Novice: 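Below you'll find the structure I mean.
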Amino acid sequence: MNPSASLAERIPQRLVFFLGKGGVGRTTLATSFAQACARNGQKTLIVQWALQDAVSTLFSRPVAGHDSEPIAHNLWTMNFSPDEAIREYFIDHLKLKLLYNLVIENKHVQRLIHAAPGVQELFFLGRLFWLVCLSEEIRGTRFDRVVVDTQATGHGVSLFTIAPTIAQFGMTGPLASECERVSRMLADPRLVGTALVTLPEELPVEETLEFLPKLSRDLGRAPQALFVNRSILPFVEKHPLSMDSQHVMELWKSRLQTTDALRALGVLHRDLRKRQHFEETLRQACAERAAAMPVISVPDIGLSKPEAGAPAVLQGVTEWLLNGNEKVLAIPTVHMRSDQNNSASCEISEDQR
Amino acid sequence: MKKTGEAHKSPSLPRLHLFLGAGGVGKTTLSAGFALALAQQGKHVGLMSIDPAKRLQGALGLGELPETGALLKLEGCSGSVRASVLHIGDSLKRWVQEAGLSEASQKKLYENQLFRALAERLATATDTFAAVRMAEWPEREAQLTDLVVDTAPGIHAIDFLSKPEKLSAFLDGKLIDWLKWFAQENESQMGMIQRFVKSGAKRILDGLAELGGQRFMLHFAEFLILLDDVFARMMKRLNFADHWLRSSQTRCYVVTSVRYDAVQVAWELSRTLKTLKMNTGQVVINRAFPEQLRADPAFDSTLEHMRQQADESFFANYLDNFIIVQRRVQDQLGRAAQSVVTLPVAEHLDAQSALRLEDLASLGQRILEHSGEI
């Protein structure tokens, strides 16, 4: 299956949210998608909202802050800071420096901003609005793509319901218009798209199937694509995996010497097969519920390159997204494992920590 | 129910066990197993879970775990487990009822848009309120000897640990008092100093009103006044949570699986726990390669043979890969001089069939044994 032919057509929006829980590989997919856009000649920005920028290190660049930093040709990244965004909003945007100094910087108001759920999310969306709708006019810079890597819930509040929620509070004044315009932005299907990322495992599949209708309800439309990360399906098409664990155990039985070892082998085989099972379950459920949404298998790059660190995995995924590169699926048939006990080959490089 | 605060003075604080780690490494399963293992030692255990898979809820014998928790049916066990799932919206409503608000006030509160947003739509604000819910356990369960807490995935767990200060800083702040004045406008009851402070505060409030509008400010003030008692109790609980988290008895279990990203999160978490001056506790490598298989004298030669077979090369490659990644993960954790316990992939826990409590408990038992607490 070649997922790439029309990836740009499938996700044509300028602002694309990559959504998925921690641990599913959301950052890898968002970054790969952004890199694929950049290689297609689009100026692309990856917006993160995390304790620390996790993208720059993949490109051996210093950690980025709130301002966008170039990390590759046509590719930039930034890590959103609520404090910075609030300052920019009041001073640069509303031109209310005095009010900012007097009110917003007040210790007690700061405490409110940091404790109240929703406030930081509103400014996050406001920053995205600025990036896709205002920056060209104001700064003369335009990104063809803004790819957002964040949890669907920022720090507790669903990003897609925050504006309507706050709008109900009976606000007037500048914060009300801010809510209104980010709501308008999110409601525009030509401008804003979403992509889900999940894993072929029990809980992520359950959660994805629960999240799909919720997202469609909150945002008013279905996501553009669902990426199944660490998939084995693309491999299995090339290198069949015996579906019969009993058969595999028979093969190994005559060679292995202990029954404990044989039992453990069976456990591992069934464990691997389960990934296939969960992905098939997910695909079937999606076909029934959201037939139009493509489900894209992203191969578990580590399976063909176990020594590969995060940057190599990223490159592999990008190549797969760009042209379904068959090379990433090649399984080395003969391994040289003479260095198995040489711990030097097992180091994780410093920059990955 | 006991009066708030009473349990806080108790000399024998229940022991707190926190499970932290990246998403998908098995924190929820392990924390449930750990709670069951403690119960087998005769302990009376509370279990607070976040987002358990349906199969785990099924195993615990409860279709939908309630926010207040339900006692598990454990046969031949001297201890007990009360299992719960974090549903902050439901907890908030209960806290309002328990604060003894008049019916009229409750009605007014439920109609307040801010409260509705907080309770219904912002119900996912688990980081902020999890500590409040946690601190409630000793008040509600006089018998409680241990509380096992499954935290939000990844470095968000740090929010859970650092939020007590953030939220209490606000609840304790002056802004609430100012807003109350703003809504009440009853200056005759104020003393000289209050009136003086108010004139300063007024500038801030006027500034805020300019941003959000008078109507919003009144909504907000009404919300704060109605929740005054609820907030007061929250404050007490947050202070207690802070104290409890930092108790020398508190144990943290950092869970990782054989995945580079998960081990990085584990590393970050361990480091942050140190800077927070918390007990760093143990690192658990979950779903690891089974030692018995590696230990088989013929394993390497069999693997070599299988790599050459077209039908088996993918599986052989998978095993190869597993071993390489695991060795790297162990190296890295070993270098951090952590106490590491390794739990192999266990069939009965990951099979598509039903989960059994005894299997869960035996998993928890492994962690308990390794922690040297038996």
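All chains are named by letter (A, B, ...) in the order of the sequence lines, taking the proteins before the strands, and each is independently numbered beginning at 1. Just so it is clear, the structure is predicted and the values come from calculations on it, not from any experiment.
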Novice: Using heavy-atom distances under 4.5 Å, tell me whether A/Leu102 contacts chain B through its side chain, its backbone, both, or neither.
Specialist: both
Novice: With a 4.5 angstrom heavy-atom cut-off, is it the side chain or the backbone of A/Val236 that approaches chain B, or both, or neither?
Specialist: side chain
Novice: Out of A/Lys107, A/Glu207, A/Gln257, return the one with the most heavy atom pairs under 4.5 angstrom to chain B.
Specialist: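 Answer, by heavy-atom pair count under 4.5 Å with chain B: A/Gln257.
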Novice: In this structure, are over 12 heavy atoms from other groups packed under 6.0 Å from A/Leu94 atom CG?
Specialist: yes
Novice: Distance check, rounded to the nearest 0.5 Å: A/Asp271 atom CG versus B/Arg287 atom CZ?
Specialist: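 If I round to the nearest 0.5 Å, the distance is 4.5 Å.
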Novice: Going from CZ on A/Arg255 to CG on B/Leu303, what distance comes out if it is rounded to the nearest 0.5 angstrom?
Specialist: 11.0 Å
Novice: Is A/Ile104 in contact with chain B via its backbone, its side chain, both, or neither, using a 4.5 Å heavy-atom distance?
Specialist: side chain
Novice: Checking B/Tyr318 against A/Asp300 for the side chain to side chain contact (heavy atoms under 4.5 Å, CB included) test, could you report, in this order, the C-alpha distance in whole Å, the side-chain angles of both residues, the deciding distance, and whether it holds?
Specialist: CA-CA 10 Å; B/Tyr318 171 75; A/Asp300 187 349; over 6 Å; no
Novice: Please report the C-alpha distance between B/Asn317 and A/Phe235 in whole Å, then the side-chain angles of each, then the deciding distance to 0.1 Å, and finally whether the side chain to side chain contact (heavy atoms under 4.5 Å, CB included) criterion is met.
Specialist: CA-CA 11 Å; B/Asn317 179 77; A/Phe235 288 102; over 6 Å; no
Novice: Below 4.5 Å from any heavy atom of chain B, which atoms of A/Glu210 appear? Answer side chain, backbone, both or neither.
Specialist: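 Contact with chain B involves the side chain of A/Glu210 alone.
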Novice: Top residue by heavy-atom pair count (under 4.5 Å) with chain A, among B/Leu208, B/Leu293, B/Thr28, B/Ile204?
Specialist: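 Between B/Leu208, B/Leu293, B/Thr28, B/Ile204, the count favours B/Leu293.
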Novice: How far apart are the closest heavy atoms of A/Gly302 and B/Asn321, and which atoms are they?
Specialist: O-OD1, 2.7 Å
Novice: Would B/Phe314 and A/Leu272 satisfy side chain to side chain contact (heavy atoms under 4.5 Å, CB included), going step by step from the backbone distance to the final call?
Specialist: CA-CA 10 Å; B/Phe314 179 63; A/Leu272 178 60; 4.0 Å; yes
Novice: If you measure from CD on B/Gln292 to CG on A/Leu256, what distance do you get to the nearest 0.5 Å?
Specialist: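 The CD atom of B/Gln292 sits 11.5 Å away from the CG atom of A/Leu256.
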Novice: Identify the two heavy atoms, one from B/Glu210 and one from A/Pro174, that lie closest to each other, and give their separation to 0.1 Å.
Specialist: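 Closest approach of B/Glu210 to A/Pro174, heavy atoms only: O-CD, 3.4 Å.
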Novice: Might you point out which heavy atoms bring B/Pro290 and A/Leu268 nearest each other, and give the distance in Å?
Specialist: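 Result for this residue pair: CD-CD1, 3.7 Å.
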Novice: Just how far is it from atom OG1 of A/Thr27 to atom CG of B/Asp261, taken to the nearest 0.5 Å?
Specialist: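 Answer for the OG1-CG pair, A/Thr27 versus B/Asp261, is 9.5 Å.
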Novice: Under a 4.5 Å heavy-atom cutoff, which of B/Ser301, B/Ala22, B/Pro344, B/Pro297 has the most pairs with chain A?
Specialist: B/Pro297
Novice: Under the side chain to side chain contact (heavy atoms under 4.5 Å, CB included) test against B/Asp296, which residue among A/Leu262, A/Leu265, A/Asp260, A/Thr258 passes?
Specialist: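 Exactly one candidate clears the test, A/Thr258.
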Novice: Please report the interatomic distance CD(B/Glu312) to NE2(A/His269), rounded to the nearest 0.5 Å.
Specialist: 6.5 Å
